[in-house]
Structures are given as C-alpha cells and as structure tokens.
Amino acid sequence: MTAKKTPAPVEQKDELLALLDEALHAYVVTKRRYPLLVATTKSIDTLLERLRVQNTSPRKPGIWNDAVLQLLRDSFDVFVIDLASIRERLVEKNGLLSQLKKECARLRRCEPAEIEAQPVMLSGDMRGADPGRIEAEFQQHVRERIAGSINASLSRLIPDEYPVTAKGVEALIKRFMKDTEPVERDRNHVRAHRYEYRGFDRRKHFQPLDELQGQLDIFEQLLGDLFHVLTRGTFGFKLRFTASTEGTAEDLADLMVHGSINGAVNAYSVAQQTPENPVPWYYARRSRFFESQPGTGEGNKEG
C-alpha cells in the first residue's frame, strides 16, 4: 500500500496587496522619465545662455537637432498620459481604491506591540548600566515611533474617522481625484487629443515640468501612505539609474543645440588639428574604430 502525499495548500493571493504592488510598479516606471526631462530642459537653457554670452558660434544659438527635441517632447507627453492612466486605474471597478472600499477594515491603526523587536547594539559608554533594561526601553521607543508613523499615514488617508468605513474611503477617492484633475485636463485637452477641436484655449491646461512635481507629490503621498498602513513597511520613491541623469541630460542638450556629437566636440575644441592628426573630428575617429581589425585597438590611436 502506497501512502498518498497530501498536496500542499495553495497560498491565497492577497488581492489588495497585489493591486498596491501593481500601482507602485506603474508609478515608478512612469516617473523614471521625469528626472531626465527636468535635467535636460535645464541643461538646454544653461547651454543656450552660455553660447549667447560667449557669442563665438558661427550660427545663432538654438535647437539644431529637432528630431531629438521631438523625442523629448514625446517622452513628456507620454509621461503625462501614463500618469493620467494610473489615476484612472486606481479608481476603476477592480482598481486599488475601489477594492479598498470593500476591505476598509484593512485600514487600521497600529499598536506598538505589533512591531517586531529589532536587535540593539550597545556601545561601550553603556558599560555598568543595566543592558537588558536599556535594550527594552530602546526597542519600545522604536516600536512607538513606527506605530506613530503608520497612524499618521492613516490619519492623512482617512482624517477624522475611525474605524474606517466605505464612506471614508469614498471621501479619500473624491479628494484624490479632485487634487489630480490637472493631470486629467492636461492629458485630455493637450497631450492625447491635441489636434481635436476644443471650444476653449487648451493651452491653459498645459502643465510645465515644474508644476507637475506637485502632482507627483500627491501620487507619492497616497501610495506611500497606503503601503505604510497596509504592509507596516515603507516604500522609497527615489529612483536609481544605470546612467547618470545629469550626464545624459548634458549629452542630449549637446545633441540638440550643437546638432550632433561631432558638432559638440568641435565647439568645445576637444580635438585639435595637427600634422599627425589632420582630421581630428569625432566622425573620423569613429570611422577608424569600425574599420580597424578586431582586437588591434587601432581605432583608438591618435592620428
């Protein structure tokens, strides 16, 4: 007789936390455009102003690579469109905030005893003191601080109501939608439907990059507070990039203002013409790199 193995129970998926994770992922992917957009526009302004002051260029300072500029504008448009899409997803029938109305009991206060104790490292200055008492007092302080932070997040989400009800969550939804109306108007009247007829001046709904920071703050406050209350953890919205945002922004500004990498190299006198290096331009060095034999390093030699 062979014993049958009892299959392991299937872990139930937490739908609310799955929706929270979906919203956070979408927001982070969308926000990744913003720092580069801000840095690049600032770098363009700085470069153009510098060229105007120096007045050494044979042509008037301006944008001489509008193809790259169009890519920047497209990225700006899609950034706003995606942000509006996240806004709508949050309140859809099966979205995070709509689901939260059904599970409003999940929005509950935190007691210090819920927080797991963390190990404490006592310094040498505490020799002679009661280490057990000091550790217990410190851990209690940490628990109270974390619980206080979670409860502050809950108070921002649902002020003046506890226990939380579906009505309180509905008020949160209405407040969030009202506060983020500029994103919806920008998306519908400027970015996504710019060539469709409007019986008003659509330009008043355009949001410059610096104004959009305020909208990002609203999204991050909401999502950060929800993560804090629902998971008892914290979520960092600071982005990490493989490339330097500032460095990439400067490169893009050079491409647009000087027209090409070659134009920037020449403008900054990176390459000097000498008898040994009669064609010092960037494009010539690049051509030699591709024409050289693999592994010889010929493409990097001077001359």
Side-chain angles (χ1 to χ4, degrees), residues 26 28-86 182-198 200-216 239 241-273 279-290:
V28 169
V29 169
T30 297
K31 184 186 175 181
R32 286 180 67 84
R33 299 182 185 94
Y34 187 71
L36 183 58
L37 287 168
V38 172
T40 302
T41 54
K42 180 180 178 181
S43 186
I44 291 172
D45 291 342
T46 301
L47 178 56
L48 287 174
E49 180 59 29
R50 181 65 174 173
L51 290 174
R52 293 188 188 101
V53 171
Q54 287 190 337
N55 196 27
T56 58
S57 176
R59 60 187 179 187
K60 183 180 179 181
I63 300 298
W64 292 94
N65 193 328
D66 52 4
V68 178
L69 178 61
Q70 187 61 55
L71 292 175
L72 194 71
R73 286 173 171 167
D74 291 346
S75 180
F76 190 4
D77 289 343
V78 175
F79 168 67
V80 175
I81 290 170
D82 283 356
L83 201 59
S85 183
I86 294 170
V183 169
E184 180 191 28
R185 292 194 295 264
D186 193 355
R187 186 264 184 205
N188 290 338
H189 301 315
V190 182
R191 316 291 179 161
H193 305 285
R194 67 172 75 249
Y195 300 118
E196 297 175 20
Y197 174 76
R198 295 290 188 272
F200 51 82
D201 185 359
R202 67 174 73 236
R203 291 174 297 179
K204 66 182 180 180
H205 297 303
F206 173 82
Q207 294 180 97
L209 283 168
D210 54 350
E211 290 184 12
L212 275 165
Q213 181 60 61
Q215 293 294 297
L216 294 180
L239 303 178
F241 293 93
T242 302
S244 164
T245 299
E246 296 295 330
T248 303
E250 291 171 359
D251 292 343
L252 288 172
D254 281 338
L255 280 174
M256 283 181 272
V257 173
H258 295 298
S260 66
I261 298 176
N262 195 72
V265 167
N266 293 335
Y268 301 138
S269 300
V270 173
Q272 299 295 326
Q273 189 175 31
V279 187
W281 291 356
Y282 163 84
Y283 82 84
R285 183 64 58 81
R286 192 174 189 275
S287 295
R288 287 199 294 271
F289 172 80
F290 282 100

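Numbers here simply count residues along the sequence, with the first being 1.
Note that CG of Leu252 and CG of Leu47 are 12.0 Å apart. Values are rounded to the nearest 0.5 Å. Taking CG from Leu83 and CD from Gln215, the interatomic distance works out to 7.5 Å, rounded to the nearest 0.5 Å. Note that CZ of Arg198 is 12.0 Å distant from NZ of Lys204, once rounded to the nearest 0.5 Å. The CG atom of Leu72 sits 11.5 Å away from atom CG of Leu255, with the distance rounded to the nearest 0.5 Å.
In terms of the side-chain hydrogen bond (donor to acceptor under 3.5 Å, both in side chains) criterion, residue partners of Arg187 (sequence neighbours excluded) are, by chain and number, His193. Every residue two or more places apart in sequence or in another chain that forms a salt bridge (Lys or Arg N to Asp or Glu O under 4.0 Å) with Arg185 is listed here: Glu181.
Among pairs with a residue in residues 41-50, those fulfilling salt bridge (Lys or Arg N to Asp or Glu O under 4.0 Å) read Glu49-Arg52, at least two apart in sequence or across chains. For residues 243-259, the side chain to side chain donor-acceptor pair (under 3.5 Å) pairs, not counting sequence neighbours, are Asp254-Tyr268, His258-Tyr268.
Residue Thr40 comes nearest to Leu36 through the heavy atom pair OG1-O, 2.7 Å, listed as atom of the first residue, atom of the second, then distance. When all heavy atoms are compared, the tightest approach of Ser43 to Ala253 is OG-CB, 3.5 Å. Nearest heavy atoms, Leu48 versus Gly62: CD2-N, 3.5 Å.
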Distance-only donor-acceptor hits, side chain of residues 73-82, under 3.5 Å, sequence neighbours excluded:
| residue | atom | partner | partner atom | Å |
| --- | --- | --- | --- | --- |
| Asp74 | OD1 | Gln70 | NE2 | 2.9 |
| Asp77 | OD1 | Arg191 | NH1 | 3.0 |
| Asp77 | OD1 | Arg194 | NH2 | 3.1 |
| Asp77 | OD2 | Arg194 | NH2 | 2.4 |
| Asp82 | OD2 | Arg33 | NH1 | 3.2 |
| Asp82 | OD2 | Arg33 | NH2 | 3.1 |

Can you give me every donor-acceptor pair (side chain of residues 205-213, partner residue at least two apart or in another chain, under 3.5 Å) with its distance?
| residue | atom | partner | partner atom | Å |
| --- | --- | --- | --- | --- |
| Gln207 | NE2 | Pro182 | O | 3.1 |
| Gln207 | NE2 | Asp186 | OD2 | 3.4 |
| Gln213 | NE2 | Asp217 | OD1 | 2.9 |

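Here the side chain of Asn65 pairs a donor or acceptor atom with the backbone of Gly259 at under 3.5 angstrom.
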